[in-house]
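All remarks here apply to the structure that follows.
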Amino acid sequence: MIIDQASSLRKMNKSKQIKVIAVTGGKGGVGKTNITLNMAVAAAKQGQRVMVLDADLGLANVDVMLGLRVDKNLSHVLSGDCTLDEVLVTGPYGVKIAPATSGTKSMAELGPHEHAGLIRAFSELKTPIDMMLVDTAAGISDMVVSFSRAAQDVVIVVCDEPTSLTDAYALIKILNREHGVFKFKVVANMVRSEREGRELYSKLSKVTGRFLDVALELVSIVPFDENVRKAVRKQTALVEAYPGSPAAKAISKLAESAATWPIPTQAGGHLEFFIENLVSLHE
């Protein structure tokens with residue numbers, strides 16, 4: 001059944017190029033959801049049609065961070081109660097959010113049939129988008145690996161904590177050695193200075209360069225900013241509430257840069273790039 005779905009996806013409109021970016025970090029607390037949401041809102045402000053997929057399927061929080069009311073989520077899509085288009089909620093500047101569930105263990109442990117349902121939902125998506133940002137769960141679970149492996153770009157968010165670098169390296173190692181991913185983009189988050197951000201990147205780059213065959217690229221240094229906490233409390237995006245703040249400026253610049261990242265031609269650069277890679281995990 002899954003293979004048949006993959007075949008049907010190849011017949012999708014080939015003119016529809018969609019950029020798919022997975023934002024991950026290996027551990028919780030590094031600010032990846034904040035980076036994801038603000039990248040999305042910043043990209044939308046810049047004219048992109050953006051969708052955020054909350055891929056922390058058992059502990060969702062994207063909609064909560066924006067104060068959005070959610071009546072249905074991806075679990076309703078998987079159960080066949082509604083389509084993916086029907087669960088999408090609209091955030092700032094028209095950003096579309098595909099909300100997951102919170103406190104549902106079964107959603108965090110999806111099997112092949114549930115993956116098939118999610119795949120089918122994406123194949124039937126009618127909402128036009130230019131960019132999909134995937135906010136993965138923390139850790140190095142199969143689900144995190146699945147979404148990271150499937151995306152066109154993997155953004156690794158790190159902060160100045162030893163466990164952050166250790167867990168980021170562990171995720172990069174798994175994706176590289178077991179799944180052939182060799183290009184990663186790095187965001188140094190919540191740093192006290194640009195120098196600290198570059199040192200963080202250098203530490204990660206040195207250890208990956210010594211043991212793995214990967215290419216790392218530092219794409220953003222996001223400074224520690226008290227306005228981030230204020231925006232979270234207000235349940236608004238930082239780039240909307242405090243657009244002139246240091247962190248908002250850095251993330252806006254990141255979003256502008258992300259819009260120029262090339263879409264891999266070998267995979268067609270379409271939505272099926274994301275979906276067919278997800279399908280292949282269970283073929």
Side-chain angles (χ1 to χ4, degrees), residues 16-24 31-57 59-74 76-77 82-102 118 121-122 124-137 147 151-153 155 157 185 187 189 219-220 222 227-228 230-245 247-261 263 271 274:
K16 187 178 182 181
Q17 291 195 329
I18 298 173
K19 188 182 301 293
V20 183
I21 302 168
V23 183
T24 187
K32 62 175 183 53
T33 298
N34 189 63
I35 294 291
T36 305
L37 281 179
N38 281 286
M39 269 187 76
V41 176
K45 286 177 69 175
Q46 294 162 11
Q48 297 284 314
R49 296 173 298 180
V50 187
M51 175 176 168
V52 175
L53 170 61
D54 192 343
D56 193 347
L57 298 178
L59 292 169
N61 60 6
V62 169
D63 52 299
V64 176
M65 288 187 70
L66 289 177
L68 300 174
R69 178 183 173 182
V70 172
D71 296 318
K72 293 184 178 181
N73 53 57
L74 289 176
H76 296 97
V77 176
C82 56
T83 67
L84 180 60
D85 289 277
E86 290 171 336
V87 305
L88 295 180
V89 290
T90 303
Y93 295 91
V95 172
K96 300 299 181 183
I97 312 288
T101 61
S102 187
L118 190 57
F122 275 98
E124 297 166 356
L125 183 68
K126 295 181 176 61
T127 302
I129 57 173
D130 303 309
M131 178 187 295
M132 181 194 295
L133 290 168
V134 184
D135 181 35
T136 76
F147 283 112
Q152 297 155 347
D153 288 292
V155 173
V157 181
K185 291 176 167 60
V187 170
N189 193 30
V219 293
S220 183
V222 182
N227 291 301
V228 173
K230 292 179 185 177
V232 170
R233 286 201 194 108
K234 292 173 66 173
Q235 291 184 295
T236 57
L238 175 72
V239 296
E240 182 181 25
Y242 306 102
S245 66
K249 287 182 178 179
I251 298 173
S252 294
K253 188 175 180 180
L254 172 61
E256 189 174 354
S257 173
T260 69
W261 296 346
I263 298 175
L271 185 57
F274 175 81

Nearest heavy atoms of [X] and [Y], plus distance in Å:
X      : Y      : result
Val50  : Ile129 : C-CG2, 4.4 Å
His76  : Lys72  : ND1-CA, 3.5 Å
Gln152 : Lys19  : OE1-CA, 3.2 Å
Leu238 : Ala247 : CD2-CB, 3.6 Å
Ser252 : Gln46  : O-NE2, 3.0 Å
Lys96  : Thr90  : NZ-OG1, 2.8 Å

Mind checking the [atom1]-[atom2] spacing from [X] to [Y]? Nearest 0.5 Å is all I need.
X      : Y      : atom1 : atom2 : result
Ile18  : Met131 : CD1   : CE    : 11.5 Å
Asn73  : Asp63  : CG    : CG    : 8.5 Å
Ile97  : Met51  : CD1   : CE    : 9.0 Å
Ile35  : Leu133 : CD1   : CG    : 11.0 Å
Thr127 : Glu86  : OG1   : CD    : 10.0 Å
Thr136 : Leu53  : OG1   : CG    : 10.0 Å

Less than 4.5 Å apart, any side-chain heavy atom of [X] and any of [Y]?
X      : Y      : value
Val232 : Met65  : yes
Arg69  : Val89  : no
Met132 : Ile21  : no
Val239 : Tyr93  : no
Thr83  : Lys126 : no
Ser220 : Val187 : yes
Cys82  : Val87  : yes

Test of understanding: with side-chain hydrogen bond (donor to acceptor under 3.5 Å, both in side chains), list the residues that count as partners of Ser245, not counting sequence neighbours.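 Ser245: side-chain hydrogen bond (donor to acceptor under 3.5 Å, both in side chains) contacts with Asp225.
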Set of residues satisfying side-chain hydrogen bond (donor to acceptor under 3.5 Å, both in side chains) with respect to Asn38, sequence neighbours excluded: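 Counting only residues at least two positions away or on another chain, Asn38 forms a side-chain hydrogen bond (donor to acceptor under 3.5 Å, both in side chains) with Asn34.
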Does Asp54 offer a backbone N or O that forms a donor-acceptor pair with the side chain of Asp135 under 3.5 Å?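 Side chain of Asp135 to backbone of Asp54: no pair is present.
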Any sub-3.5 Å donor-acceptor pair from Ser257's side-chain atoms to Lys253's backbone N or O?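 Here the side-chain-to-backbone pair does not exist.
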Taking Val52 as the fixed residue, which of Val95, Val134, Val41 is the one that meets the side chain to side chain contact (heavy atoms under 4.5 Å, CB included) rule?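 Among the candidates, only Val95 passes.
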